[in-house]
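All ligand and atom numbering here is 1-based and tracks the order in the structure. Here the structure is a predicted model, which means the values were calculated and not measured.
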Amino acid sequence: MKKLTDNVCYTKGIGPKKAKLLEKLNIHTLEDVLNTYPRDYEDRTHITNISDLIEGEKMTIRAVVGTEPSVKHIRNGMDITRFMVYDDTGALEITYFNNKYAVSLIRRGTEYLFYGNVKEYGNRFTMTSPVHEKCDENTKGKIVPVYPLTAGISQYDFEKLSQDALNCEFPKDNDPIPKDILEKYDLLPLDKAINKIHRPQNMDDIANARRRIMFEELFLLCCGLNQMKQHRKHEQGAIFENTNLDDFWSLIGFKPTNAQLRAVNDCIKDVKSGKPMNRLIQGDVGSGKTAVAAALCMLAVKNGYQAAVMAPTEILAAQHEQSLSPIFAKLGIETVILTGSMGVKVKREALEKIEQGYAKVVIGTHALIQKGVKFAKLGVVVADEQHRFGVNQRAMLREKGDHPHTLVMSATPIPRTLALIMYGDLDVSIIDELPPNRTPVETFAVGENMRRRVFGFMERQISNGGQVYVVCPLIEEGELMLKNTENYAKALSKVFPHRRIGVLHGKMKPSEKENIMSLFASGKLDILVSTTVIEVGVNVPNACLMVVEDADRFGLSQLHQLRGRVGRGKRKSYCIFFGADKSLLARQRLGVLTQTNDGFEVARADLAQRGPGDFFGNRQHGLPILKNVDIISDMQAMEQARYEAEIILDNDENLENYPVLKNRIEQMFEITGGTFN
Ligand code: ADP
Ligand code: MG
């Protein structure tokens, strides 16, 4: 008898060649096959009368073959086979192309189930290349799993593999979900769920199996995150005694908002507690998160520690450095910047200063987490625009110090439940107030017919001393993108021959990017044509108009981020999205942005319209990928999983009574490279 640990190559018809192909799907053993769930099902249980067939839909009929299959050779060795079948309600033609094998099994006078697409040719219906199965009285038709495939592997191969896997002895006591939870939520035990997901008898089986599998995934995730949080409770954190920030606030040039003060006070409570801080600051674009980060860095330095601020792009790192280092310098604090593109010599100097502790505040990109970077005494770590970093990168930065206080900042507003899960290991402060005297960015969604007026509007803004961002049409990355941005800028310079136009795209050298950014920031450019590299965090308060081409092709949250680049200073600001004329949907989506400036509301609309792919689908957040969860419809399950995870871990922090669960959590977090401790 086969075992689940057996390699797939021993399954009949597979062999080493196909086993190699299966590796592409990450399938090595029969157990891997069991864990590869069908991506869909074909419901062949519902039998339709021939008289009720509908064109264009896949349907099952139960019919007797009435004529001898006749083969015709047509051009290029193509065979076409036709025959008629009938049931009590009518007759239908069946057609196969180049399928001698299928045809050879068909017998006149015998009854089959045919499952396939019906098309109308001329005035008659034909079912083309149906799947067929001989039947007797008991045949009911079945629900057939549709597996994810790779070239060279057929559904038939997969069916054999999954059958082999299902025939293996299933390990006992292997369910990571405790029995009482299964009962409480009426969930299938693991073995039953696996069986039903691969071989459902009816649609209910599929729904129940999926519900159980999804719950498991959420439950494992919640337990894992909760465990991280629990473990951290035992860690010792540096205690910052001196928390007076009067000198800092007097230098920063504005009065902090109440929301900023609240966030800073949350941080102060944390850094006095003796435990390492682990806090997320959520605040809409422009809410002034940088000042909170700076205040925290200040606290580190005052108490004899270094602080590191990690930004997702070089532009952003440079910008932070430019705005913060003068303030720190007035207090005698040295700031250095560290990015991947720095020259060897400058970098070596920076590294030395960091290692010897002269550099008190270090601002940089991912370069900060590289091996060669050593801190003398790192006490505070800040990750800006957290959604761009993974849990993992956060952890790597943290490891540069001895349990430093960690602050992550995000402008991606997400619903509460989702936040609790994605940031399940963090405490959260919310900045729900914008600095005073901001007027909301006035937003328009327009079509091509408005182009001339928009250009006129741009001209007026520039004449009044303002500056304009234009985000370029969206096309593929790579060479083409580069050309596109530059061509676009060229075309624009014909419209605005007397204006200074700069170009910014991801393929430029960091030093070039920085140069362009600082030209724009210092008012030496009127228009900045850019790809979405400016999406994150860039701050040029004099810019008062943002024009986005092809806006219908961006996510709403991303557009909201782009819009956040303007309305940062005293000027009344505007945002114009092109693309509203492309479809009704485009107009509706972009319409959301014209109606609200509230990032949370935008995110909610975005989630509802586009689904959660962006939140859980990509890997940037560094959490394990959830394969079976749909955030919107599974909100309730999420709450339940989180609740149960909390109870279990409160009572048994190391999961000593739950070895299977413990094991599975470790696997889940390991696979995605998440650091788990
Ligand atoms: P974000 O939260 O998007 O990172 P920033 O920290 O970049 O926002 O702040 C946006 C702009 O608002 C900056 O120009 C900053 O100097 C300014 N700002 C921040 N806090 C205040 C405040 N309390 N009063 C006035 N301006 C502020
Ligand atoms: Mg920011």
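Here the closest non-hydrogen pair linking Ala376 and Glu355 is CB-O, 3.2 Å.
Near Ser287, meaning under 4.0 Å from one of its heavy atoms, ligand 1 places the atoms 2 (O), 8 (O). With ligand atoms numbered from 1 in the order given, ligand 1 contributes 23 (N) to contacts under 4.0 Å with heavy atoms of Pro256. Taking a cut-off of under 4.0 Å to the non-hydrogen atoms of Thr290, the atoms of ligand 1 that pass are 4 (O), 5 (P), 6 (O), 7 (O). The contact set between ligand 1 and Val285, taken as ligand atoms under 4.0 Å from a residue heavy atom, comprises 3 (O). Proximity to Thr257 (heavy-atom distance under 4.0 Å) selects the following atoms of ligand 1: 23 (N).
Note on Glu459 versus Arg499: salt bridge recorded, some NZ/NE/NH1/NH2 to OD/OE distance being below 4.0 Å. A salt bridge links Asp550 with Lys582: the closest approach of a Lys/Arg side-chain nitrogen to an acidic carboxylate oxygen falls below 4.0 angstrom. Under 4.0 Å is where a charged nitrogen must lie from a carboxylate oxygen, and between Glu549 and Arg451 at least one such pair does.
Closest heavy-atom approach to atom 27 (C) of ligand 1 among the candidates Ala291, Pro435, Gly569: Pro435. Across Lys255, Glu433, Arg568, heavy-atom proximity to atom 7 (O) of ligand 1 is greatest for Arg568. Nearest-heavy-atom check against atom 9 (O) of ligand 1 across Gly253, Gly283, Gly288, Gly567 picks out Gly288.
Under a cut-off of 6.0 angstrom, the local environment of CZ in Phe455 is crowded, with over 12 non-hydrogen atoms contributed by other residues, nucleotides or ligands.
Checked against His560 for a side chain to side chain donor-acceptor pair (under 3.5 Å), the options Thr443, Asp284, Asp598, Thr596 give a single hit: Asp284.
Polar contact with ligand 1: present for Gly286 (N/O pair, distance under 3.5 Å).
For His405 and Phe240, the gap between ring centers is short of 6.0 Å.
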